Amino acid sequence: MTNLPLPATVQENSTVQRVLEESVRLLIDARTDAPKAQAEWLLLSLLKLSRSQLHLEADHRCLTHQQKKIFKDWLRRSAAGEPVQYITGETEFFGLPFTLTGDVLIPRPETERLVEIAINEANESKEFSILDIGTGCGSIAVSLACSLKEISVTATDNNRNALKVAQLNAKKNGVASRIQFIDHDILNDEVENCFDIIISNPPYVPLNEYKALQDNVRCFEPREALTEDADGLTFYRSFAAKGKNWLREGGMMILEVGCGKHPLHAKELFESAGWTKVELFKDYNGDLRVLKAKRS
């Protein structure tokens, strides 16, 4: 795929509209998913325009020589299956801008539901502490800090490169002073402090399902953020068994869960461990994707 010919319009003094049209055709030939959306994403990021601005200017604006050079490289990478978020190094989550690298998972819309539920639980108190386990690019921690001005957030990850990305995103969104980032392995290290809410989007894809993931996910996103190379329940067993020790009285754990039977299996683990008010919540697509459990 990387040897596909580039659109002639990228090499000529042609308008953005022509470049867009030819790029879409190339991505269709490369059998990429959502070729128009990918081509638009690349151009929007390159030109620093909104979608409406892009289409208003597309018929009379041309790419500069440097922009053509960058876009050619981006288009090759997109045709090879690399996610546009990694190509451009940016994405949006919960209405906020985030920098991305290959060290972190691309945040998904369903995780926004996780953040919403935590905000609803924390809104009633001004003094509230939250622990974000496996913060990745910091999307959860930063979104919570931006939405809840009085809370303190501790964000952990055992990937130092991921923590650097998360710290960068905290600075980008103006909340670096309110988030403490810690290099921490939750499966092997104890949590020293107690919190009101523990939130996490842990690796939950079973190994057999990981092998069947789409190439653009399996080949580009960090494996350790997707699967623990087992049945997808390793982190939930640990959280259910030890999580009460990490929470203050009345505290709760809010976790993203997988698809299929995974939510019910995770719920059973917490119920068996004596947690109370163990509930499952649907995401925007109507799927059970968030588990909430209260310390008994």
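Any value given below was found using the heavy atoms of this structure, including those in side chains, with hydrogens, waters and symmetry copies removed. Not measured: the values here are computed from a predicted model. Quick note: residue numbers are just sequence positions, from 1.
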Q.
Run the salt bridge (Lys or Arg N to Asp or Glu O under 4.0 Å) test on Arg289 and Glu116 for me, step by step, so that the C-alpha distance in whole Å, both residues' side-chain angles and the decisive distance to 0.1 Å come before the verdict.
A. CA-CA 13 Å; Arg289 295 303 303 274; Glu116 280 186 352; over 6 Å; no
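Using a 30° and 60° split on the angle between ring planes, Phe239 and Trp246 fall in the perpendicular class, above 60°.
In this structure, a donor-acceptor pair under 3.5 Å is absent between the side chains of Glu110 and Tyr284. The closest side-chain donor-acceptor pair between Thr135 and Asp157, if any, does not fall under 3.5 angstrom. No side-chain donor from either of Trp74 and Thr88 sits under 3.5 Å from a side-chain acceptor of the other. Side-chain atoms of Thr99 and Glu90 include no donor-acceptor pair closer than 3.5 Å. Under 3.5 Å, the side chains of Thr276 and Arg295 contain no donor-acceptor pair of N or O atoms. With hydrogens and angles left out, the side-chain atoms of His184 and Glu192 include no donor and acceptor closer than 3.5 Å.
How far CG of Leu105 is from CD of Gln85: 10.5 Å, rounded to the nearest 0.5 Å. Remark: Leu207 CG to Asp229 CG distance equals 5.5 Å, nearest 0.5 Å.
The environment of CZ in Arg25 is crowded: more than 12 heavy-atom neighbours from other residues, nucleotides or ligands sit within 6.0 Å.
Between the Lys244 side chain and the Ala241 main chain, no donor and acceptor come within less than 3.5 Å of each other.
Remark: aromatic rings of His262 and Tyr236 are close, center separation under 6.0 Å.
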